[in-house]
Amino acid sequence: MNILHGQNPATMNEKASSPMTTASQNANVTKRLQSELMSLMMASTPGISAFPNDGNLLNWTATIVGPEGTPYAGLTMKLSFAFPSTYPYTAPTVLFKTPIYHPNIDFSGRICLDILKDKWSAIYNVQSVLLSLQSLLGEPNNASPLNGQAAELWDKDPAEFKKHVLARHRDITDDEAGQ
Amino acid sequence: MAERKKISAEQKRVFSSIFPSPALIHTTPTPIATPLVGSSEAGQPFGGLSESGSGSSFSGNADVQRSNAWSNATRFLTLPSHSPRVCDQSTCREDVWHPQKRANADVTREIAFVCLGDLTADNANSGETLIDWYSQEVRNHFSSYMQADLKREWDVQIRESESIATLTSTVSHLRIVQEAYLAPLDLVKSCLQRTQATDISRIEQYARRAQAKVRGDLQTLFDQILPTPRFYNTLTYAIYCAVSEYSSDYKVDAVQGTNLENLGQKYEELAEILDGLHYAGLGGDKAQKALVRALDRFLIHHIDSRDVAVDWLGKNPVIEPLRKWINDCFGPFGCWALFKLESEENFLDTSEPRETQAIETRYWQEIAIGRLGTSRTMVLFEYVKRWDQSMGAIRDLKDYVSTAAGRFHVTKIFTDQLRGRLLIPAIATSDILNIYISVIKVFIELDSKGVLLGRIARPIRSYLQQREDTVRVVVESCLADLNGDGDRMNTANHVCTGIVVEMNNAVYTHNSEDHDLDWEDLDWVPEPLDAEPGYRTVKSDDVLSHLLTLFDREELIKELQTILADHLLRSEHSEYEKEIRLVELLKARFGDDKLQACEVMLKDMQDSKRISASINGQNEEAFTLPKFSTNFHTKILSSFFWPSLRQDEFRAPRDIKTLRKAYAERFESIKANRRLEWLEAQGRVTVNLEFEDRNVTEHNVLTYQATIIEAFQGTMAEVGGIPVTRTVEVLVDVLEMDEPLVRSAIMFWVGKLVLREVAPDTFAVLERLDGAVENVDVALAAAHAAAMEDTDMGAVKSQQDRFGENKEVYTQFVTMMLMNQGNKPTAQIHVMMKMMLPDGFPFSEEDLRDFLNDLVDQGSLVKAGVDVFGIKR
């Protein structure tokens, strides 16, 4: 899994052409997301979960619990998923809603992860994205950081890094998460 | 005296200038002893005669002559100071009350002079005429001598028995008074005629005007004197008595032709009263109102009477007899009485009444139909309940609902009755459906176009749609048997007998989607005027279509599948006649494709029968095992098309397993590549139990029940002389059966007097029945309990089971939702679950709340407020 250099994530989703009409697409997207929700539920992987926001299946809120043995251990982080109508042929837009201090995540919560960018494939799903992000928390790609200071501290001073992580972390309210 | 008179005259003049009233300026005749002829000045009243203005223009001579004549005339016409009734008629009439008799030539001349003066001075304000004076005299006389008499008569309460007598006496009194007062007018007329001073027509006119004036005054007086309500109520009563008597006479002798003359003779008293009232000028509005009130009351009475009662036996409407009665009896009477009161024709005897009578009678008929309609509508609900004995009553309403007012009334009243008496939680769905079927039939009978039905049925339909068990009851009723041949569903009270009957004579009707677009339909008629937007023509007696359109088609079919599955699995009939019939019927309505699953289910049944037969037939000896009969039949289901079935897991008895294995082998040899999967919970077994003192054979025992009793197998001898005893705990362990099932099965056998509880949770076989009487009660109670439980043990999974099955998923779902979306109230969680879960969430909010509370108790959720749940952090 390669981490891309600091490209603007927002521009990345626009290259896929839409092969189907919007109506049937929406129905397909809804169906797909519903089944993803079910499989996510049945799998019940510890530390990750996600659920659609009220009345809109195309926007989800996800929760990742920081894995043990990382500076994020015990912290809960909220993410937002926005699925385009071409999903799963186009990657969802994923953002960290909880402020986080991480080499590959900028202060707006944007993530630099290849599978959310040009390596996206229709075989990925919410669960795999969340698992990737969970592992990214423990193994950042310091070769192409969005947050240079964090990348530097990660290698040099883990204690200081942890301090920064805790300083930046703040549990957000449900309202903020839903936005 | 002259002085005093002058003053008083002066005062009067002043007073009357402010209050001009004839009563105050009325004078008594000028006394002869003090003739004041010619002494008056211009403008001065003479003898109280107010000759203002024009009076002064008379020449002195004419004035004097007129005053003189006036004085004489008035003196002569003065009425005697007693009532015309109190004196003996033979004596009084001669002189006092018949002035003609004593009028001499002088008087005649004087009167004629005064009258002629009145006649010539034809301008209206020429002062008081002789007639004015006379009518005033009459008024005064009446109030002084007559009024008290009349008043006394009516001051007391009139007893019913006396009402006719009192009325008669009053009316005759009025007549005498009136005749007496009018007599002098005849004199005046004859005086005028004798002088021949003017032409006859003018005299006639004058006389008529005079009479009208006096009559009018008298009428007003009578009206004032009589205590109006009491008088007219008494009159109403008298008429009511007469009409009711007449009606009963009519009934006794219905053949006798009646006519107005007969009436007159028969009811002389009433005729006299009515005539008298007319003569006294009282035949107007008030008397007519009294008459109409009496007639109306009697009509109401008649409609409530036995004669117009519902014909329960013959089921014939009573409308025709009622019309005939109005036509031959009631109408003629009413008209007769009315003519007596009202018209001049009464006296003149014309033939016009016939025509008027026809119109009147028609009105009365309409009113009667209205009344009958109202009266029938009041208990319409009862009639609907007792359809079709109540056919007669319903037909009576037919004429009524042909009017707009009638339709409205029936709709409104009946809807109220439905709301109050039927559409309440206390009424079982099957009863509502039964009534609904009656409603459909009744209103189709009333209004074959179905507009009324549409209006009436709407509240029932929407209420039935709200009830959760309606679909179930309808479908089960469709499959139920009326004759009760051991089918268990028969005993249940949730079968609507009406539907069962309807099913038996249902016709296959094709559901044509839109009648209006069918251009080939030569019988097309436009919709009725008052049809509602959703109106559709209904086939005359197609009750089933009404019921089946109650529901959403998908919902109905889904329910049908469930119930049909249950039914097929329970059913022992091999023909499935009823089931096929129902499915075919619905296919005709809904289209073939919708009922595919049901068709497959039916076909499964038929196929299994064939396969079972062939397996058993091929190799009979393979199944001859000692403990069980060789009857081993299977029902092979295509699981894809069947609703999810109950699947209680437990260890089947070994013998059964052997049988199954052999059977499965056979099956696989016939149907290659197919595998049998046994549904433990679904089988039926015939159990033969041999006890020391008796044999018990139970048919249709469920597999788990059979399994339990099998566990008690063994004779007393085998186990050392004591009955076989098992505890619930052991059974649960050994059979790997859920405890509730074990208990339910034990209950069943306790109910059959096969087992009994020897210690808590420990049961033993009841080898001998002697001395077990005390067990009967226990057994009965257990049987009851078992029967109650039985309803929960349907072949198809119950809601509760399904909840239990999906509990994991639901827990996960709720946890994930609350984890990511924060705290949520129950309602919102409910909505989300319904929306997001692939199979939906078929449970109520109430169920969900209980479930969430359970999760709180388990510690996986926390309560974050009233009815708000959150994740534990």
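The structure displayed is predicted, hence computed values, not measured ones. The figures that follow rest on heavy atoms only: side chains count, while hydrogens, waters and symmetry mates do not. Naming: A, B, ... by sequence-line order, numbering from 1 per chain.
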Colleague: Grab the two heavy atoms, one from A:G66 and one from A:L137, that are nearest each other, plus how far apart they are.
Modeller: CA-CD1, 4.4 Å

Colleague: With chain A as the partner chain, list the residues of residues 827-834 of chain B whose heavy atoms fall under 4.5 Å from it, by residue number, and write 'none' if nothing qualifies.
Modeller: B:Q828, B:M832

Colleague: Please answer whether the main-chain N or O of B:Q466 pairs with a side-chain N or O of B:T470 as donor and acceptor at a distance below 3.5 Å.
Modeller: no

Colleague: Please classify the contact between A:M41 and chain B as side chain, backbone, both or neither, with a heavy-atom cut-off of under 4.5 Å.
Modeller: both

Colleague: How many angstroms lie between atom CZ of B:F869 and atom CE of B:M817, to the nearest 0.5 angstrom?
Modeller: 12.0 Å

Colleague: Do A:S132 and A:Y124 have side-chain N/O donor and acceptor atoms under 3.5 Å apart?
Modeller: no

Colleague: Would you please indicate if the ring centroids of A:H102 and A:F96 are separated by under 6.0 Å?
Modeller: no

Colleague: Keeping A:S108 on the side-chain end and A:R110 on the backbone end, is there a donor-acceptor pair under 3.5 Å?
Modeller: no

